[in-house]
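Just so we're on the same page: letters track the sequence lines, and every chain starts at 1.
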Number of protein chains: 2
Amino acid sequence: MHERTRAEWRATRQRAAVLRALHACDTFVSAQALHAALTADGVTVGLTTVYRTLRLLEASGHVDVVRDSDGERLYRPRPDDGHRHYVVCRECGLSLAVDSEEVERWVARIARDIGFHAVDHTVELTGVCARCRPASGGRRDQWSSQ
Amino acid sequence: MHERTRAEWRATRQRAAVLRALHACDTFVSAQALHAALTADGVTVGLTTVYRTLRLLEASGHVDVVRDSDGERLYRPRPDDGHRHYVVCRECGLSLAVDSEEVERWVARIARDIGFHAVDHTVELTGVCARCRPASGGRRDQWSSQ
DNA sequence: CAGCATAAGACAACGGTTTTCATTTGCGGT
DNA sequence: ACCGCAAATGAAAACCGTTGTCTTATGCTG
């Protein structure tokens, strides 16, 4: 179907660096944070290149993307075990993959029930992890659960 | 507890207009679209005011907010029956409220299981509604379901 | 090693949203 | 009814993340 006489991806120092930095992170990171981290490590990579690389990774399905409340894009390498939803701690950024089969099933049923096709779903969970839990343990009720 | 000698919200022509326009919409709308609609109706309201009003409504929980793929904020008055999740048609913008009890339960359980507190959830569904369904019915497989 | 398409990088442009600040205007007090 | 002030408005500028442009550099294939 598809001749492979031409490599679809050129191996460059910069892309390697972005990939390395991305995998070194244990939470979601923004393009800018990634760029800052690289710069701090003495690696010279243009911000534009970081953005471009992340977009490529996104398009090819190698990273998961969420949006934080400011509309900023946050990236994380996609694990190969199929998990694709996370709970992210609002305080420290700790993110855990969660089992989402139930949601997948729910989405599929909804789609069928209302006659929609090609239904795509975004599920983002944020909270406060056990470690960051405020001492008082009580006064945390302002979160508009949308 | 709280003296009401001072009104917390001043009634202005502009706010009334924004509220009216918002309720006149039957789908999610952006701040800019709302402003354009108002202007088209001959109502003079500054774009800044539209943004400000929407933010107030958001903060006070009177509207639901979603983000489209460009990061734009889309607003819709929150119905009082408790429904808070929607399926939005990518083609025509038609949006239907869906029953989300299952997801609410799922979220609550996840939160308990992993020890997170104050877990907030964002669930956004997009698809193609029956009316907009492409005639061929088949070639729609590029949607990265994240 | 040559040729060339792809990638990098600096910088400008873009678009949505928020801030600033001077001016106007509800609204409670008198 | 009128005053006075804090709150609200509006135009323009600032912001900020992201994307486009264009020139230069560099992998890769032949």
(message) Quick check on the helix from C/dC1-D/dG30 to C/dT30-D/dA1: what's the angle between its two end axes, five base pairs per end, to the nearest 10°?
(response) 30°
(request) Measure from the side-chain heavy atoms of B/A31 and tell me the nearest of C/dT17, C/dA7, C/dC27. (result) C/dT17
(request) For the residue pair A/L19 and A/L57, establish whether any side-chain heavy-atom pair is separated by less than 4.5 Å. (result) yes
(request) Map B/G71 and A/R15 onto DNA chain C by nearest heavy atom, then report which one ends up closer to the 5' terminus. (result) A/R15
(message) For B/H121 and B/H85, I'd like to know if the aromatic rings sit close, meaning centre-to-centre distance below 6.0 Å.
(response) yes
(request) Would you tell me whether B/R76 and B/T27 have side-chain atoms, one donor and one acceptor, within less than 3.5 Å of each other? (result) no
(request) Find the distance A/D70:CG to C/dT18:C1' and express it as a whole number of Å. (result) 12 Å
(message) Rounded to whole Å, how long is the line connecting atom CD of B/Q32 with atom P of C/dT18?
(response) 11 Å
(request) Report yes if a side-chain nitrogen or oxygen of B/R13 is closer than 4.0 Å to either non-bridging phosphate oxygen (OP1 or OP2) of D/dG10; otherwise report no. (result) yes
(message) For C/dG9 and A/T49 - does any side-chain N or O of the residue sit under 4.0 Å from the phosphate oxygens OP1/OP2?
(response) yes
(message) Surrounding CZ of A/R131 (heavy atoms of other residues, nucleotides or ligands, distance under 6.0 Å), is the total greater than 12?
(response) no
(request) Encode nucleotides 19-25 of chain D as B, S and - characters from 5' to 3', where the letter depends on protein heavy atoms closer than 4.0 Å: B to the base, S only to sugar-phosphate, - to neither. (result) BB-----
(request) Identify whether any heavy atom of A/S30 sits under 4.0 Å from a base atom; if not, whether one sits that close to sugar-phosphate; answer base, sugar-phosphate or nothing. (result) nothing
(request) Give the rounded distance in Å between these two atoms: CD of A/E72 and P of C/dT17. (result) 15 Å
(message) Between C1' on D/dA6 and CH2 on B/W9, what's the gap in Å once rounded to a whole number?
(response) 17 Å
(message) What's B/R67 touching, base or sugar-phosphate or nothing? Going by heavy atoms closer than 4.0 Å.
(response) nothing
(message) When you measure from the side-chain N and O atoms of A/Q14 to the phosphate of C/dG9, is any distance below 4.0 Å, counting only OP1 and OP2?
(response) yes
(message) Let me confirm one number: the CD-CD1 distance from A/E102 to B/I110, rounded to the nearest 0.5 Å.
(response) 8.0 Å
(message) Taking A/R78 first and then A/D64, would you say they form a salt bridge - that is, a charged N and a carboxylate O separated by under 4.0 Å?
(response) yes
Would you list the atom pairs, donor with acceptor, under 3.5 Å between side chains in residues 28-40 of chain A and any protein atom, with sequence neighbours excluded?
unit_1, atom_1, unit_2, atom_2, d
A/S30, OG, A/A33, N, 3.0
A/Q32, NE2, A/Y51, OH, 3.1
A/H35, NE2, A/V45, O, 2.9
A/T39, OG1, A/H35, O, 2.9

(message) With heavy-atom distances below 4.5 Å as the criterion, would you say the side chains of A/L125 and A/Y86 are in contact?
(response) no
(request) To the nearest Å, give me how far apart CG (B/L56) and P (D/dT9) are. (result) 9 Å
(message) Using whole Å, what does the distance between atom C1' of nucleotide C/dG16 and atom CG of B/L74 come to?
(response) 12 Å
(message) Any heavy-atom pair between the side chains of A/L22 and A/L54 that's under 4.5 Å?
(response) yes
